[in-house]
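In what follows, residues are counted from 1 in the order of the sequence shown.
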Amino acid sequence: MSASGGTKAIVAALGANLAIAVAKFVAFIFSGSSSMLAESVHSLADSGNQGLLLLGGKKAKREATPQHPFGYGRERYIYAFLVSIVLFSVGGMFAIYEGYEKIKHPHEIDHWYWPVGVLIFAIIAESFSFRTAIKESNLLRGNKSWTEFVRHAKAPELPVVLLEDLGALVGLILALGGVGLALLTGDGIWDGIGTLCIGVLLILIAIILAAETKSLLLGESAGVEDAEKIAKAVVDGDTVTGVIHMRTLHLGPEELLVAAKIALQHDDTATEVASAINAAEARIREAVPIARVIYLEPDIYSETEAAKGADPEAAPGGPTPTAEH
């Protein structure tokens, strides 16, 4: 993903959330609306989340060390996972607690124009932030659906901002509905119900984010398209005749490790083998620039061994010369 695109979306969301958090808290002070308090904490938590994403992006740029020879690219995944925890605890659980208290001890909303005005302002501001996230995501999404983009994106920032902004907009609508019903009916319990719904929404979004970032932390392979490009780039039809088996792993959103056993001609000299491997590595990097670390093991394809099945540890030759990912 474009690092600048992700940063642009994060900064836009951070600016919007800080302004909205202040406005919501002022509205809470004047109105006593629990929806406003829950929403102000939500926006404050979102601001902290954007700060975590920016910090993760900065730390991920550190140079590799002997202790961490593959670099720190996964820092971005760690901080994205922390975002889901903050959203769950500070945002969701707090809103549920406030909603429960307001339902148990309802009271009328004072100075109704404060929460209504702030919520309308917040919806407008969040819409601009959401629009920026959508615009930046569309540059990378291609033909994927939004669900596929969020589930399969290797860079966590844009999916996180998208879900946060979506949750914020829906939460604002819920808060506006709760405040509106409380004003129309004169029963403050609706304000508490709106707050409770906001909490449930935030927890659901946090669970989705946690599940997706957990998968990235465990280590995901290259996407199908990139894996096919790599497998095609390895084979030159002359010295390298096929891919016996291949494994890929994202070391970070923009760093890919490629390990493959490749089939060579049985009568190639050591010099020819070395030249073939160097050429294959160059073709891989040209086809998929994020392939930073490449390990190619030469072997001689054996139909007998291939017939035993797709066992990646089979030798010599292993399974049929097709890419696995």
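- Side-chain contact annotation: S43 with K24, donor-acceptor N/O pair under 3.5 Å present.
- Applying the salt bridge (Lys or Arg N to Asp or Glu O under 4.0 Å) criterion to E101, with sequence neighbours excluded, gives no partner residue.
- A perpendicular orientation is assigned to the rings of W146 and F149, their planes being inclined by more than 60° (bins at 30° and 60°).
- For the pair S215/E220, a side-chain contact is recorded, criterion being any heavy-atom separation below 4.5 Å from C-beta on.
- Taken to the nearest 0.5 Å, the OG1 atom of T147 stands 8.5 Å off from the CZ atom of R151.
- A salt bridge links E225 with K229: the closest approach of a Lys/Arg side-chain nitrogen to an acidic carboxylate oxygen falls below 4.0 angstrom.
- A heavy-atom distance below 4.5 Å is not found between the side chains of V293 and V258.
- Between S129 and the options N17, D46, D165, a side chain to side chain donor-acceptor pair (under 3.5 Å) holds for only D165.
- For the atom pair I208 CD1 and S84 OG, the distance stands at 11.5 Å (nearest 0.5 Å).
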Given the rule in the salt bridge (charged side-chain N to carboxylate O under 4.0 Å, His left out) test, do R292 and E254 qualify, once you have shown the distances and angles that lead to the verdict?
CA-CA 9 Å; R292 307 283 178 83; E254 295 157 6; 5.3 Å; no
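- Counting all heavy atoms, side chain and backbone alike, A27 lies closest to V118 at CB-CG2, 3.7 Å.
- Using a 4.0 Å cut-off between charged side-chain N and carboxylate O, K58 and E75 make no salt bridge.
- E272 and T239 form no side-chain donor-acceptor contact under 3.5 Å, judged by distance and modelled atom types alone.
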Walk me through whether I284 and V234 qualify under side-chain contact (heavy atoms from CB on, under 4.5 Å).
CA-CA 6 Å; I284 291 172; V234 170; 3.5 Å; yes
